[in-house]
Amino acid sequence: MALKFRRVKKSFGFDKSKTEKYVVVPERATPVGFEYLCEQIALISGVNKGMVRATLFGLVSSMKTFIQQGHTVQVEGFGSFIPSFNAKSSLVEKDANAESIRKMKLRFVPCAELREMMERMRMDFNDKDSTNDTKESDSPSGGEDDRPVIE
């Protein structure tokens with residue numbers, strides 16, 4: 001399997017000249033819905049789908065409880081979920097308070113196995129969905145369509 005990518009031309013907000021530049025972006029497949037995920041887990045694990053659903057709902061509920069308490073939640077074989085936020089800085093100590101918090105975030109750090117999989121992932125250039133400026137293939141596979149099929 002390979003992750004497909006394409007080339008797009010766009011201007012970046014931080015570039016004051018507004019010059020259009022080329023950048024590669026991943027092809028996004030359709031999101032896998034919760035029901036389909038449960039079906040796949042049931043198929044692979046041999047556990048019935050209802051039990052898979054209940055387990056996943058229990059996992060999320062438990063994660064919410066621990067994250068609200070400020071804990072990092074580690075899920076073996078998956079990764080860590082870390083509560084975090086963006087806050088504006090201040091030269092005055094008393095101004096660094098709850099009101100300075102701009103955005104709450106949940107950071108995800110994948111486990112070593114997932115990071116290694118991402119580092120080894122093959123990339124295929126999809127020239128048919130790229131800019132019209134150049135239609136040459138940038139990868140040895142020639143932009144063939146070998147998208148993964150999930151059964």
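Keep in mind it's a predicted model, so treat the numbers as computed, not measured.
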Distance-minimising heavy-atom pair for [X] and [Y]:
X      : Y      : value
Asp124 : Ala2   : OD2-CB, 3.3 Å
Ala96  : Ser90  : N-CB, 4.4 Å
Phe78  : Leu114 : O-CD1, 3.2 Å

Pair listing, side chain to side chain donor-acceptor pair (under 3.5 Å) test, anchored in residues 106-120, at least two apart: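 For residues 106-120: none.
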
Listed once per pair and sorted, the side chain to side chain donor-acceptor pair (under 3.5 Å) pairs that draw on residues 76-86, sequence neighbours left out: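 Qualifying pairs, neighbours excluded: Asn86-Lys105.
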
Determine whether [X] and [Y] fall in the same hydrophobic cluster, where Ile, Leu, Val, Met, Phe, Trp and Tyr are linked whenever their side-chain heavy atoms lie under 4.5 Å apart.
X      : Y      : value
Ile44  : Met117 : no
Ile101 : Leu106 : no
Phe85  : Ile67  : no
Met118 : Phe5   : yes
Val47  : Ile41  : yes

Atom pair NZ/CZ of Lys4 and Phe125 - distance to nearest 0.5 Å: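 Reported value, rounded in 0.5 Å steps: 10.5 Å.
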
Gap between atom CD1 of Ile82 and atom NE2 of His71 - 0.5 Å precision: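 Going from NE2 on His71 over to CD1 on Ile82, the span is 14.0 Å.
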
Heavy-atom side-chain contact between Val25 and Arg6 under 4.5 Å: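 Side-chain contact under 4.5 Å: yes.
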
Glu93 atom CD: more than 12 heavy-atom contacts under 6.0 Å: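 Not more than 12 within 6.0 Å, no.
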
Atom CZ of Phe108 with >12 non-hydrogen neighbours under 6.0 angstrom: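 Counting neighbours around CZ of Phe108, more than 12 heavy atoms of other residues, nucleotides or ligands fall under 6.0 Å, so yes.
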
By salt bridge (Lys or Arg N to Asp or Glu O under 4.0 Å) - contacts of Glu35 (at least two apart):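 With neighbours one apart ignored, the set is Lys49, Arg53.
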
